[in-house]
Amino acid sequence: MSYQSIQHVLKTAHPGTEVTIKGWVRTKRESKNAVFIALNDGSTINTIQAVAETGQLPDDTLKLITTGACVTITGQLVESLGAGQSIELKISHVHVYGPADPDKYPLQPKRHSLEFLREIAHLRPRTNTFSAILRVRHALAFAVHKYFNDNGFYYLNTPIITASDAEGAGEMFRVTTLDAQKPPMTDDGRVDYSQDFFGRETNLTVSGQLEGELGALALGKIYTFGPTFRAENSNTTRHLAEFWMIEPEMAFFELEDNMSLAEDFVKTVIRYALQHCADDLAFLDNRLKEEEKTRKKEEQSEMSLLEKLQFVISNEFERLTYTEAVEILINSKPAKKGQFQYEVSWGVDLQSEHERYLVEKHFKKPVILTNYPRDIKAFYMKQDTESGAAPGPTVRAMDVLFPGIGEIIGGSQREDDLDKLTARMQEVGIEPDALWWYLDTRRFGSAPHAGFGLGFERLVLFVTGMGNIRDVIPFPRAPKQAEF
Ligand code: 4AD
Ligand code: MG
């Protein structure tokens, strides 16, 4: 099959060469002397203009060449006289694989709203915006694997179906083969899961961390990169019911090491995208500039997308404790003027308005908050022996907060003391026997260790400058949304 990608043709081909390209028609324009077809094949944001003389193509072929049709074109590359491209294809042959009825094809050569495109998620990758996002998403995923491979980590596949709730938040989707209409019941009137496929209650995982810890305490440094599921009914621009998480876990790392790794990791993958997705990021940068123009002055961002990405990779993240952050928030203007929707005091879980104030207004750069109150964090986090200025017990947690996003990474050093961990589980109502396999790592050869989870879509959201997380995953899963 001798055809070339448009990306390859634009990068390498010389005038005079004969090439075959295959793709989808973006536009067809007819002038007095010629027909111009803009073709895109998804390999790049750029299109190739193919030109035929009027009368050259049979009428019934020409009729089928409409926006959305799939065609293969053979021709000779020639220097282009038109504005906007240096090279074009002088058509010698066209074959239409699949026509696209112009009256019914939903994507017209004009700007569609992101909301409309979400309703046709099966076709939106054919738009410039979504194909750019998907290529950037790919580059970031590749950079994640490359980063860990380059740094001595092993990729560990943790299970998707699990019997445990790693985060203890009870936001899980049940996995069952029992008859939903009439499930088997026990004598005391409960569903009898012992008759279910796995002989017990199972769910889709919210995090691969607990199994990741077992890997780290054997292989040293591991990471997971897989889908995770949360049945939280949050209809926000930052939450998905199905999202991809990257979870490195490292034996012998303490909280400081964990922070340094997280910072180096996100900077490195963003740098990779800047280096390898220049065309797509330039397009998205421009897209955002256009969108910003429609906003009120005070809501416009001070930096363009590319400036923001450069800024993040070239500045050190601000590190401070939760207690220090709460102090700043309590004394902030919006708190004094009652502009926060949620009040701040020591012990509350910070809302995204608070996180964004710290990042966007106060420090004006990414922030790593540490040493959170024990009661708002998961059971597995290492307890601080000394709480310092904090009025209550804290744990060695860390959240990385990003401009426009809020929390992008959550992690901690893990409690490696068997007695403390078991006691904490009992306090929060987790039956230690149910996690006997997890506790075995503390029983046999326990070690200090730490790790974190990066929400992959939140990273893609940041790098692409998009405003809604549903627009950075090919097929979003959110409350009442699972059509495609
Ligand atoms: O802070 P979270 O809940 O942490 C964990 O799951 C830990 N087990 C991670 C670890 O230490 N190994 O989630 C981690 C990250 C968040 O910071 C956020 O970026 C993302 O996952 N995240 C979501 N992304 C999209 N939609 C949701 N509903 C998300 N919930 C969390
Ligand atoms: Mg979190």
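Excluded from the calculations below are hydrogen atoms, water molecules and symmetry mates; all remaining heavy atoms, backbone and side chain alike, are included.
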- Message: Run Phe265 and Tyr147 through ring pair (Phe, Tyr, Trp, His ring centres under 6.0 Å) and show every step you take.
- Response: CA-CA 7 Å; Phe265 166 57; Tyr147 179 86; 5.3 Å; yes
- Applying ring-ring contact (aromatic ring centres under 6.0 Å, His included) between His145 and each of Phe456, Tyr223, Phe153, report the one that passes.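 So, applying the ring-ring contact (aromatic ring centres under 6.0 Å, His included) to His145 and each of Phe456, Tyr223, Phe153, only Tyr223 qualifies.
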Would you call [X] and [Y] a salt bridge, taking side-chain N to carboxylate O under 4.0 Å as the test?
{"X": "Arg137", "Y": "Glu457", "result": "yes"}
{"X": "Arg230", "Y": "Asp165", "result": "no"}
{"X": "Glu292", "Y": "Arg295", "result": "yes"}
{"X": "Arg287", "Y": "Glu290", "result": "no"}
{"X": "Asp416", "Y": "Lys382", "result": "yes"}

- Hey, is CZ on Phe252 packed in by over 12 heavy atoms from elsewhere, all under 6.0 Å?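 Result for CZ/Phe252: open.
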- Message: With a sphere of 6.0 Å drawn around CZ of Phe198, does it hold more than 12 non-hydrogen atoms of other residues, nucleotides or ligands?
- Response: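 Enclosed.
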- Query: Is there any side chain to side chain donor-acceptor pair (under 3.5 Å) pair reaching into residues 186-201, and which pairs are they, with sequence neighbours excluded?
  - Reply: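 Output for this query lists Arg174-Tyr193, Arg174-Glu201, Thr176-Asp196, Thr177-Asp196, Thr186-Asp188, Asp192-Ser194, Asp192-Gln195.
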- Query: Which residue pairs pass the side chain to side chain donor-acceptor pair (under 3.5 Å) test when at least one of the two sits in residues 474-484, sequence neighbours left out?
  - Reply: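 Sorted pair list comes back empty.
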- Message: Nearest 0.5 Å, please: how far is CD in Glu407 from CZ in Phe402?
- Response: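 Between Phe402 CZ and Glu407 CD, I get 12.0 Å after rounding to 0.5 Å.
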- Query: Can Lys267 be said to sit on top of Phe317's aromatic six-ring, NZ or CZ under 6.0 Å from centre and within 45° of the ring axis?
  - Reply: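 Here Lys267 passes the 6.0 Å and 45° test against Phe317.
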- Aromatic ring centroids of Phe229 and Phe173 under 6.0 Å?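 No: the rings miss the under 6.0 Å criterion.
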- Between Asp384, Thr323, Thr321, which is the residue that forms a side chain to side chain donor-acceptor pair (under 3.5 Å) with Asn371?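 The passing option is Asp384.
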